[in-house]
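Here's the structure, in structure tokens; my notes come after.
Order of appearance sets the numbers: ligands from 1, and atoms from 1 within every ligand.
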Amino acid sequence: MRGADRAAVVAGLGAWVPQTVVTNDELALRLDTSDEWIRSRTGIARRHVIAPGESTGDLAVEAGHRALKSAGTGTADLVVVATSTPDRPCPATAPEVASRLGLTGVGAFDVAAVCTGFVYALGVTAALIESGAARTALVIGADTFSTILNPTDRTTRAIFGDGAGAVFLRAGDPAEDGALRGLHLGSDGTRSELIEVAAGGSRQRSTGLPAEEAATYFTMEGRSVFAEAVRRMAASVQTTAESLGWASGDIDRIVLHQANARILAAVADRVDVPLERFPSNIERVGNTVAASIPLVLADAAESGELRAGQRVVLGGFGGGLTWGSVGLVWPGLTVG
Ligand code: UT7
């Protein structure tokens, strides 16, 4: 993204969570867990989950609609949906989301990078805008992990929630507020088994394993993932900041994927930026996977914690393993 004479500029922001709320106490009625354990180990108090019949695409449409409204427009040249819980394995969710937003005919595709999905989607979309292939785009992060969690797994059920968030990007000047700069992306496929849904893809299907015996639930090795999340997000944020010439004291806000409040604190320590500069909404939404970063952006922008002119780095980490960061000076905008 460096050196381009055109940049992708954030010009709209919207978010949406489904209505049903599940508190820690409600989880503790059905699982061997407690509000005390979940709060102290993760910082989460409640999460939103979809109702039967609702889907990731439904949430994506709501968030996309609000981002368009925030940008003061009804149209975009491109719709990109970051998700690991698509409405169906095939086709992608984005074309239907685009049509439901009244955008039939535009380019539309999904990006799968689990909790880093939103950062990856921003990166690929920004490159398309910089190349001139698109002038405007809607980038939506949407996931409904409640649909793939093992109902008896107290650890994953305590963490994940459903939601969607979206930004509207337009072509602009690399020097203007809102311009995405300093993109950094990384991955380590040798550790793919740390976060996975083992079944449902070609590898499981080619074995002929009956569907009812397949490992269709999401699994995560929490401790290893925790350590990797801290290490990779801290390094990625630092890479982005350095590429922009920002010292740690120059960074006003670091907006990270909301995986665990203790991960935010550990990253703050590593990058030497006070934890007060890390906006967080994990207490009330949990880990919403690809929706996490735009949801916390929307909350922080609405509360005034995120203000125009602040130097901001966004950072994500997730399955793959994948990680990534991007920087911007926060633009003046009203959340849709
Ligand atoms: O979003 C993508 C990336 N994901 C992440 O970054 C998640 C990273 N990992 C984490 O946030 C944490 O590892 C978890 C929150 C998942 C788990 O916390 P932990 O402090 O690492 O716990 P643990 O897995 O080491 O388990 C400690 C104990 C175990 O019991 P024993 O074996 O010591 O008796 C678990 O069975 O805590 C138990 N435990 C629970 N107890 C009550 C695990 N989940 C729960 C629970 N309620 N919900």
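Given atom 19 (P) of ligand 1, the protein heavy atom at minimum distance is Arg262 NH2, 3.9 Å. Regarding atom 43 (C) of ligand 1, its nearest protein heavy-atom neighbour is Thr155 OG1, 3.1 Å. For atom 9 (N) of ligand 1, the nearest protein heavy atom (residue, atom name, distance) is Gly222 O, 3.1 Å. For atom 1 (O) of ligand 1, the nearest protein heavy atom (residue, atom name, distance) is Asn287 ND2, 2.6 Å. Taking atom 2 (C) of ligand 1 as the reference point, the nearest protein heavy-atom neighbour is Cys115 SG, 3.2 Å. For atom 5 (C) of ligand 1, the closest heavy atom belonging to the protein is Val225 CG1, 3.4 Å. Protein heavy atom closest to atom 35 (C) of ligand 1, with residue, atom name and distance, is Arg154 NH2, 3.7 Å. Atom 22 (O) of ligand 1 has its closest protein heavy atom at Trp37 CZ2, 4.0 Å.
In terms of heavy-atom proximity, Val114 sits nearest to Ser84 at CA-OG, 3.1 Å. Among all heavy-atom pairs drawn from Arg262 and Ser40, the shortest one is CD-O, 4.1 Å. Closest of all the heavy-atom pairs between Phe118 and Ile140 is CD1-C, 4.4 Å.
Side chains of Glu196 and Thr219 form a contact here, defined as non-hydrogen atoms less than 4.5 Å apart. Inter-residue side-chain proximity for Asp153 and Tyr217 is flagged as unmet; no heavy-atom pair is nearer than 4.5 Å.
For atom 32 (O) of ligand 1, the nearest protein heavy atom lies 4.0 Å or farther away. Of the protein's heavy atoms, none falls inside 4.0 Å of atom 28 (C) of ligand 1.
In the vicinity of Ile159, heavy-atom distances shorter than 4.0 Å reach the ligand 1 atoms 15 (C), 16 (C). Close contacts of ligand 1 with Met220, meaning ligand atoms under 4.0 Å from a residue heavy atom, involve 4 (N), 7 (C), 16 (C). Near Thr42, with a cut-off below 4.0 Å to any heavy atom, the atoms of ligand 1 are 15 (C). For ligand 1, the atoms sitting less than 4.0 Å from at least one non-hydrogen atom of Ala259 are 1 (O), 5 (C), 6 (O), numbered in the order shown with element in parentheses. The distance from ligand 1 to the heavy atoms of Ile263 drops below 4.0 Å at these ligand atoms: 6 (O), 8 (C).
Taking all heavy atoms of Ile38, Thr33, Val289 into account, the minimum distance to atom 48 (N) of ligand 1 is reached by Thr33. Closest heavy-atom approach to atom 26 (O) of ligand 1 within the set Arg41, Arg223, Glu36: this belongs to Arg223.
The OG1 atom of Thr322 sits 9.0 Å away from atom CG of Leu185, with the distance rounded to the nearest 0.5 Å.
Considering Asp252, Ile254, Leu244 as possible partners of Arg311, the one that fulfils the side chain to side chain contact (heavy atoms under 4.5 Å, CB included) test is Asp252.
Residues Arg39 and Glu283 are paired through a salt bridge, judged by an N-O separation under 4.0 Å between the basic side chain and the carboxylate. Ion pairing of Glu36 with Arg41 is absent here, as no side-chain N (NZ or NE/NH1/NH2) approaches a carboxylate O to less than 4.0 Å.
Ligand 1 has a nitrogen or oxygen under 3.5 angstrom from a nitrogen or oxygen of Asn260.
Ring planes of Trp323 and Phe317: parallel class, angle under 30° (limits at 30 and 60°).
Leu122 and Leu13 end up in the same hydrophobic cluster when Ile, Leu, Val, Met, Phe, Trp and Tyr side chains are linked at under 4.5 Å. A continuous path of hydrophobic side-chain contacts links Leu149 to Val225 [ILVMFWY only; heavy atoms under 4.5 Å].
Residue-ligand proximity: His257 is placed with a non-hydrogen atom under 4.0 Å from ligand 1.
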